[in-house]
Amino acid sequence: NYKNIDIPMLVFESRLGLLAFGPYNPGIKNKDVTNGGTYTELGHIDVYTGTTNLEMINKPTLDWINAHTNTDSVVMQ
């Protein structure tokens, strides 16, 4: 059941996601939900494989993971 998910969530919104579903509304149990960005200039697959993926998605994701990780087990610097 979606409302019982109790882990932090990071969300990136693309143009297709906004058109298909509207602004993201998590509705999960955990209140730690971060919108990593709303990218109306990106398509759905661009979020994963686009030419700006490293700067716009991957780096912020790594920073978010490290911020949500015990300092003794940081993923990368």
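Cluster membership check: Leu62 does not share its hydrophobic cluster with Leu54, using side-chain heavy-atom separations under 4.5 Å among Ile, Leu, Val, Met, Phe, Trp and Tyr. Ile65 and Leu10 fall within the same hydrophobic cluster, where Ile, Leu, Val, Met, Phe, Trp and Tyr residues are linked whenever their side-chain heavy atoms come under 4.5 Å apart, directly or through other members. Residues Ile5 and Val11 fall within the same hydrophobic cluster, defined by Ile, Leu, Val, Met, Phe, Trp and Tyr side chains chained together at heavy-atom separations under 4.5 Å.
Heavy-atom neighbours of His68 NE2 from other residues, nucleotides or ligands within 6.0 Å: above the threshold of 12.
The shortest non-hydrogen separation linking Gly43 to Ser14 is O-CB, 3.6 Å. Nearest heavy atoms, Asn35 versus Gly37: OD1-N, 2.7 Å. When all heavy atoms of Leu16 and His44 are compared, the pair lying nearest together is CD2-CB, 3.6 Å. In terms of heavy atoms, Thr34 sits closest to Trp64 at OG1-NE1, 3.1 Å. Across Lys59 and Glu55, no two heavy atoms sit closer than the pair CB-O, 4.2 Å. Between Phe12 and Pro60 the shortest heavy-atom distance is CZ-CB, 4.3 Å.
Side-chain contact check for Thr52 versus Tyr39: every heavy-atom pair is 4.5 Å or farther apart. Side-chain contact between Asn30 and Met9 is absent, with no heavy-atom pair separated by less than 4.5 Å.
To the nearest 0.5 Å, atom CE of residue Met56 and atom OG1 of residue Thr51 are 9.0 Å apart. Taking CG of Asp46 as the reference point, atom CZ of Arg15 lies at 7.0 Å (rounded to 0.5 Å). Considering CG of Leu18 and CG of Leu42, their distance stands at 10.5 Å, rounded to 0.5 Å.
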